[in-house]
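Written out below as structure tokens is the structure these notes cover.
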Amino acid sequence: MRIATWNVNSITARLPRLLAWLESSGTDVLCLQEAKTTQEQFPAQALSEIGYESAVHATGRWNGVAVLSRIGLADVVRGLPGGPEYEGVAEPRAVAATCGPVRVWSVYVPNGREVGHAHYAYKLRWLDALRGAVARDAVGERPFAVLGDFNIAPADEDVWDRSAFEGATHVTADERDALAALREEGLQDVVPRPLKYDHPFTYWDYRQLGFPKNRGMRIDLVYGNGPFGAAVKDSYVDREERKGKGASDHAPVVVDLDV
DNA sequence: ATGACCCTCAGCGAGGGA
């Protein structure tokens, strides 16, 4: 089976590309982030017409996540159990589902904005809640993975220029410690291969020729448990989808599983 | 060619992204 994660930066704006990509790539399960729409306006009908069921957690212009599956969709959980609120709001940043033999979480980790900002503390609390929420599934026998936009570059080589991120979020020790805590729960970083250049970046800023200059970051991650990792046949970043007019600023990360 | 931000909602800019 083929499973993927993709921050689409508005499913409304991306719908033509999303539908075309689902069909051309042969993806069975897609964890998507930044739907930027409401539950009601989510294009479940258009997706249904090409064979995908949708598990959606979305409330409006910000955030919004979903799991799309053409191999079954069950045991949906909307929202991160025990997750913190930001300014009194429980934001739609996580949704879980079981798709055939695999259970997945689609997550959109808070950005953090600036080190020291209330949003940064929120990001760390959110990640700790994620660790708690996935601990039991992580050690199970069923293939399980958390896929999504983690807004963390796991190592210095996961950004195009470490010096450009001095003092910035996404590269701090606290954020990387949060990823290490997930690994300590039994999850492993399924690192994709790049289709061009030497590093599998997944995000490139829209500004200042970020993509043509390959000024990217690897922040869209797949954290799988042992059975998931053992089933991985291949994984790559589909950078073709970052090209051209109407692209998201993130590319899909694709994982092929032998399950 | 991959090409110099883009998304949404509100409402004719602003907030957020990272």
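Convention: sequence-line order gives letters A, B, ...; per-chain numbering from 1.
- A salt bridge links R131(A) with D128(A); the closest basic N to acidic carboxylate O contact falls under 4.0 Å.
- A donor-acceptor contact under 3.5 angstrom links the side chains of N9(A) and K36(A), judged on distance only.
- At the heavy-atom level, W62(A) lies under 4.0 Å from base atoms of the strands shown.
- Taking 4.0 Å as the cut-off between side-chain N and carboxylate O, D234(A) and R2(A) do not count as a salt-bridged pair.
- Side-chain atoms of H119(A) lie closest to dG17(B) of the nucleotides dA18(B), dG17(B), dG16(B).
- Residue N214(A) is classed as having no contact, given no heavy-atom separation below 4.0 Å to the nucleic acid.
- Taking atom C1' in both dA4(B) and dT8(B), one finds a spacing of 23 Å when rounded to whole Å.
- Across residues 189-200 of chain A, K196(A), Y197(A) each have a non-hydrogen atom less than 4.0 Å from an atom of DNA chain B (numbered order).
- Residue R61(A) has its side chain nearest to dC9(B) when only dA18(B), dC9(B), dT2(B) are considered.
- Checking I219(A) against K36(A), the closest nucleotide of DNA chain B that is more toward the 5' end is the one next to K36(A).
- Between the NE2 atom of H170(A) and the C1' atom of dA18(B) there is a distance of 4 Å, rounded to whole Å.
- Rounded to whole Å, the distance from CG on L209(A) to C1' on dC5(B) is 11 Å.
- Within the 4.0 angstrom heavy-atom criterion, no nucleotide atom of any strand lies near F165(A).
- In this structure, D189(A) pairs ionically with R218(A), as a charged nitrogen and a carboxylate oxygen lie closer than 4.0 Å.
- Residue contacts shown for G244(A) are limited to sugar-phosphate atoms, with no base heavy atom under 4.0 Å away.
- When heavy atoms are screened at a 4.0 angstrom cut-off, T169(A) is found touching no nucleic acid atom at all.
- Looking at heavy-atom distances under 4.0 Å, R215(A) makes no contact with the nucleic acid at all.
- Comparing the P positions of dG13(B) and dA18(B) gives an interatomic distance of 26 Å, to the nearest angstrom.
- Listed nucleotides: dT2(B), dT8(B), dA18(B). Nearest to the side chain of S10(A): dT8(B).
- Nucleic acid contact for N63(A): none, since no nucleic acid atom lies under 4.0 Å from a heavy atom of the residue.
- The shortest side-chain heavy-atom distance between F201(A) and F211(A) does not fall under the 4.5 Å cut-off.
- Among dC7(B), dA18(B), dC5(B), the nucleotide with an atom closest to any side-chain atom of Q208(A) is dC5(B).
- Clustering of Ile, Leu, Val, Met, Phe, Trp and Tyr side chains at separations under 4.5 Å places L15(A) together with W6(A), V8(A), I11(A), L18(A), L19(A), W21(A), L22(A), L30(A), L32(A), F42(A), L47(A), I50(A), Y52(A), V56(A), L68(A), L195(A), Y236(A), V254(A).
- Cluster annotation: V253(A) is not connected to Y223(A) through the hydrophobic network of ILVMFWY side chains, with a link wherever side-chain heavy atoms come within less than 4.5 Å.
- In the set dT2(B), dT8(B), dA18(B), dA18(B) carries the atom at the smallest distance from any side-chain atom of R207(A).
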